[in-house]
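Atoms within a ligand are numbered from 1 in the order they appear, just like the ligands themselves. For this chain, numbers begin at 1 and follow the sequence in order. Side-chain atoms are counted along with the backbone in the values below, which use heavy atoms only and exclude waters and symmetry mates.
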Amino acid sequence: MKKIQMVDLKSQYNFIKKEVSDNMLQVFESSTFVNGPMVKAFQADMENYLNVKHVIPCANGTDALQISLMGFNLDPGDEVITSDFTFAATAEVISLLKLKPVLVDVDPQTFNIDPEAVEKAITSKTKAIIPVHLFGQCAAMDSILELAKKYDLFVLEDNAQAIGATHTFTNGKEAKTGTLGNVGATSFFPSKNLGAYGDGGAVLTNDDELAHYIRAIVNHGMYKRYYHDVVGVNSRLDTLQASILKVKLQYLDFYNERRKEAAIRYSDYFKNHQNLVTPHIAGACNSHVFHQYTLRVINSDRDALVDYLNKREIPCGIYYPVPLHSQKAYIDPKIDSANFPVTNQLVKEVISLPMHSELTHDQIDFITSTVLEFFT
Ligand SMILES: *Cc1c(COP(=O)(O)O)cnc(C)c1O
């Protein structure tokens with residue numbers, strides 16, 4: 001059996017080597033390393049795939065979040081509600097822009113922001129909500145969009161972990177995550193479901209006016225060269241990365257299918273186990289693309305399980321070990337940790353198992369039997 005990895009980018013590369021090399025050579029030959037034709041071609045492919053009017057490529061997912069938020073033109077001190085259980089980038093960009101991150105608790109089944117907690121946190125200063133489609137599963141967007149309408153708030157989706165996931169609205173209409181709110185931000189970090197061979201990101205929106213403004217922001221605030229109408233940033237997707245992403249986008253649905261298959265195989269072994277809670281899969285699993293396969297370990301010692309697996313050369317991850325409200329950078333002495341019973345519990349219980357498109361049945365079977373052995 002091949003050595004198990006959390007993400008196996010090398011094996012994935014072996015299947016697309018020729019296409020990647022051909023595209024990269026084209027970039028070298030054309031020597032358009034910044035904003036070359038490959039960036040535009042990839043952008044068009046993404047717009048097509050996501051069925052969204054505008055994809056604005058940028059340097060990474062964190063930039064995509066920041067630039068999206070800049071697009072809302074908020075005032076210092078305005079409040080932005082987001083999840084207490086996410087990667088720090090989500091809250092980081094709020095604080096960087098001198099806005100106030102308001103963290104709220106999550107749903108214990110989906111690990112996604114709890115719409116009831118969002119509504120409770122809304123004040124007269126609230127201007128936006130950032131739902132995170134954590135681990136690849138779409139957040140409760142029907143409720144979130146309803147709240148946004150009711151209270152006149154912007155919605156920025158953090159879609160870094162869920163590219164390719166589909167949301168089915170209660171009226172039966174379907175759309176890709178990241179295209180449901182005013183704007184979506186995504187990341188092409190190598191380990192993400194659509195990963196480059198370096199950094200990359202994109203902003204997604206159906207709003208023409210916002211797209212026009214955001215295109216200026218990513219390019220030093222210029223609508224016209226050397227005329228700076230607004231304060232912007234420099235955030236570009238490298239042409240070489242675009243040429244790689246253009247190849248990989250063709251396989252994204254296949255990669256996501258493989259992840260789902262692996263997740264279903266894991267869950268078949270673990271379901272009904274007294275110490276394990278398997279990921280909650282909404283509907284026909286069409287809204288979950290399993291960026292991570294994350295179990296909850298209950299009435300047992302999660303950290304001992306981590307050691308047990310590592311000793312047997314099975315990698316695993318704890319996403320995330322600390323709730324954002326307890327991170328030093330984001331602690332607010334006026335906020336009581338007791339407001340976050342779910343995240344406080346999850347950080348002690350979650351464990352993510354290897355998850356990627358190249359996992360073999362042998363590997364999954366070895367991982368599952370080792371996990372089950374730990375509890376015997
Ligand atoms: C990866 C990630 C980001 C940041 O993306 P980068 O490309 O690494 O900047 C933001 N939010 C979430 C939830 C992520 O998982």
Side-chain angles (χ1 to χ4, degrees), residues 6-7 9 42 46 55-70 80-97 101 103-104 106-107 110-113 128-139 141 144 155-165 177-178 180-181 183-204 218 233-238 240-242 244-245 248 256 259 287-294 317-324 327 329-330 343 346-347 350 352 355-356:
M6 205 56 194
V7 207
L9 295 175
F42 169 64
M46 275 287 272
V55 168
I56 303 158
C58 64
N60 56 66
T62 309
D63 272 9
L65 285 166
Q66 180 186 325
I67 293 156
S68 300
L69 210 45
M70 287 169 81
V80 179
I81 297 175
T82 194
S83 170
D84 187 39
F85 193 57
T86 176
F87 180 55
T90 323
E92 187 175 64
V93 297
I94 304 172
S95 297
L96 268 176
L97 296 175
L103 302 170
V104 300
V106 297
D107 177 280
T110 63
F111 311 147
N112 279 326
I113 200 165
I129 311 173
I130 310 185
V132 182
H133 304 311
L134 199 74
F135 302 151
Q137 172 148 248
C138 187
M141 289 306 288
I144 289 164
V155 174
L156 159 57
E157 296 169 76
D158 183 340
N159 198 40
Q161 301 189 359
I163 194 82
T177 55
L180 312 165
V183 58
T186 203
S187 162
F188 305 124
F189 185 77
S191 64
K192 299 285 155 93
N193 291 36
L194 177 60
Y197 294 166
D199 277 305
V203 175
L204 324 169
V218 295
V233 296
N234 169 26
S235 188
R236 298 186 278 244
L237 177 66
D238 189 284
L240 273 175
Q241 297 306 334
I244 295 156
L245 288 164
K248 290 184 71 176
N256 282 343
R259 286 171 179 269
S287 62
H288 203 325
V289 291
F290 291 98
H291 175 60
Q292 298 294 347
Y293 180 86
T294 305
I318 306 301
Y319 311 113
Y320 296 93
V322 182
L324 277 187
Q327 295 281 6
Y330 300 100
T343 50
L346 289 177
V347 294
V350 289
S352 299
M355 175 49 77
H356 52 81

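- At the shortest separation from atom 14 (C) of ligand 1 among protein heavy atoms lies Lys192 NZ, 3.2 Å.
- For Phe135 and Phe290, the gap between ring centers reaches or exceeds 6.0 Å.
- Applying the 4.0 Å criterion to heavy atoms of Ala160 picks out, from ligand 1, the atoms 2 (C), 3 (C), 10 (C), 11 (N), 12 (C), 14 (C), 15 (O).
- Atom numbering of ligand 1 starts at 1 in the shown order; those under 4.0 Å from a heavy atom of Gly61 are 5 (O), 6 (P), 7 (O), 9 (O).
- Between Thr86 and ligand 1, not a single N/O pair is under 3.5 Å apart.
- Residues forming a side-chain hydrogen bond (donor to acceptor under 3.5 Å, both in side chains) with Thr294 (at least two apart in sequence, or on another chain): Ser352.
- Inter-residue side-chain proximity for Gln292 and Leu134 is flagged as unmet; no heavy-atom pair is nearer than 4.5 Å.
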Leu324 vs Ser83, side chain to side chain contact (heavy atoms under 4.5 Å, CB included): CA-CA, chis, key distance, verdict: CA-CA 8 Å; Leu324 277 187; Ser83 170; over 6 Å; no

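- Atom 15 (O) of ligand 1 has Gln161 NE2, 2.8 Å as its closest protein atom, hydrogens excluded (heavy atom only).
- Short contacts between ligand 1 and Ser187, defined as distances under 4.0 Å to a heavy atom of the residue, involve ligand atoms 5 (O), 6 (P), 7 (O).
- Taking the side chain as every heavy atom from C-beta outward, Phe85 and Leu346 approach each other to under 4.5 Å.
- The closest protein non-hydrogen atom to atom 13 (C) of ligand 1 is Asp158 OD2, 3.4 Å.
- Here the options are Asp63, Thr62, Asn60, the test is side-chain hydrogen bond (donor to acceptor under 3.5 Å, both in side chains), and the partner is Ser235; only Asp63 passes.
- Residue-ligand proximity, Ala89 to ligand 1, at heavy-atom distances under 4.0 Å covers atoms 10 (C).
- The parts of Thr62 lying near ligand 1 are both backbone and side chain, judged by heavy-atom distances below 4.0 Å.
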Let me have the donor-acceptor pairs involving side chains of residues 87-95, under 3.5 Å, with sequence neighbours excluded, atom names and distances please.
from	atom 1	to	atom 2	distance (Å)
Thr90	OG1	Thr86	OG1	2.9
Thr90	OG1	Phe87	O	3.1
Thr90	OG1	Asp158	OD2	3.0

